[in-house]
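When a ligand or atom number is given, it counts from 1 through the structure's own listing order.
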Amino acid sequence: MTFEKILVTGAAGQIGSELVPFLSDHFGSSRVIPSDVRPNTNDPRFISLDVTDKGAVEKAIDKYRIDTIFHLAAILSANGEKNPELAFKVNVVGLYNIFEVAVSNKIGLVMTPSSIGVFGPDTPKENVPIETITRPVTMYGVTKLLAETLGYYYHSRFGLNARGLRFPGLISYKNPPGGGTTDYSIEMIVEAVKGRSYKCFLREDSKLPMMYMPDALDSLLRLAEADDSRLKHRTDFNVTSFSITPKELEMELREYYPSFRVTYQPDFRQAIADSWPASLDSSAAINEWGFHPRYDLKSTTADMIAHLK
Ligand SMILES: NC(=O)c1ccc[n+]([C@@H]2O[C@H](COP(=O)([O-])OP(=O)(O)OC[C@H]3O[C@@H](n4cnc5c(N)ncnc54)[C@H](O)[C@@H]3O)[C@@H](O)[C@H]2O)c1
């Protein structure tokens, strides 16, 4: 059984804060149990849950009769490099706890977003397929690659319906980003709308794949509802909408704010960006579950500005 009671972990984060209302609209708000180690106190449905505490995960799943999990709790790339031990604990031990409890409680579906962080400097740069060289150089990437592999393992060994996709940088306006390498895109748009200049922590020519949040939410739902018999992959679908450099975003913002200026002062995040591909091949997601992004750079920027104003 799936979608009768849905636990969302890490629900107070950038994706979770939008996925919770999205799932609530789709399935009904009483079916969604948002949880986080730092719960959102504005939503009475929220429960406090630390995914590194297996006993607490077990209790929550039992108490709320959970049959579906969207597992978003994680430490992202830039924050993970600042605290690799915590990244390992949350991203690996937390996921292991979720998978273990999911198997023993016969959970129908576990969604585990992955990331372009699984790629590394030896990965080709353009139109990268799912199966390629994955040798990440961040703790975040290492944990995400392990998470994908663990998903395949739990599926083949225990029949667990684990599914996931490799998100590129996600652009959104509702909640601040969670310490990733593509956060510059959101920060740049926010500063332009405020009429300020922006100091970018990546080089102006760092091309990276991106996606607007509505497409990310739509893709999570499409994959979650996909017919299992059509899936040849499970936890590592490449998805992408468009690829941009910081300079291209700056020029797009100048269409709205002609005096907007960006200075480029790369920091430690440049090395992370340099290790990631510029574009991805998402044909498996298109063929196996109908991935269909609608936003490009122009429509993303226009919609972000309209909402931030
Ligand atoms: N945002 C992006 O650009 C992006 C890109 C690729 C992949 N992803 C993946 O999507 C998922 C969600 O990312 P996000 O952007 O919402 O991240 P985020 O950092 O905004 O949110 C993560 C949430 O997890 C919570 N958390 C941290 N430790 C926890 C713990 N021990 N127990 C429970 N909750 C804990 C945090 O409080 C936070 O609210 C992650 O798996 C991430 O790797 C995100």
Quiz item: So is Q14 polar-close to ligand 1, meaning N/O to N/O under 3.5 Å?
Solution: yes
Practice problem: Look only at interatomic distance and state if P177 has a nitrogen or oxygen under 3.5 Å from any nitrogen or oxygen of ligand 1. | Solution: no
Quiz item: What atoms of ligand 1 come closer than 4.0 angstrom to any heavy atom of K144?
Solution: 40 (C), 41 (O), 42 (C), 43 (O)
Exercise. Would you check the N or O atoms of R38, main chain and side chain alike, for any that come under 3.5 Å of an N or O of ligand 1?
Key: yes
Exercise. Could you see which bit of I15 sits under 4.0 Å from ligand 1, with heavy atoms only: side chain, backbone, both or neither?
Key: both
Quiz prompt | Beyond-backbone contact of S77 with W276, side-chain heavy atoms, under 4.5 angstrom | solution = yes
Practice problem: Would you please determine whether L49 falls within less than 4.0 Å of ligand 1 on a heavy-atom basis? | Solution: yes
Exercise. Taking the side chain as every heavy atom from C-beta outward, state whether F99 and Y153 have any atom pair closer than 4.5 Å.
Key: no
Quiz item: Under 3.5 Å, N or O to N or O, is G13 touching ligand 1 that way?
Solution: yes
Quiz item: How far is atom 35 (C) of ligand 1 from its nearest protein heavy atom, and which residue and atom is that?
Solution: V37 CG1, 3.5 Å
Quiz item: Which atoms from ligand 1 have a heavy atom of P168 less than 4.0 Å away?
Solution: 3 (O), 5 (C), 6 (C)
Practice problem: Answer whether the closest heavy-atom distance between the side chains of M213 and K174 falls below 4.5 Å. | Solution: no
Practice problem: For the residue pair S279 and E126, confirm or rule out a side-chain donor-acceptor distance under 3.5 Å. | Solution: yes
Practice problem: Would you check whether D50 has a nitrogen or oxygen atom less than 3.5 angstrom from a nitrogen or oxygen atom of ligand 1? | Solution: yes
Self-check item: Per-atom contacts, ligand 1 versus A73 - under 4.0 Å to a heavy atom
Solution: 24 (O), 33 (C), 34 (N), 35 (C)
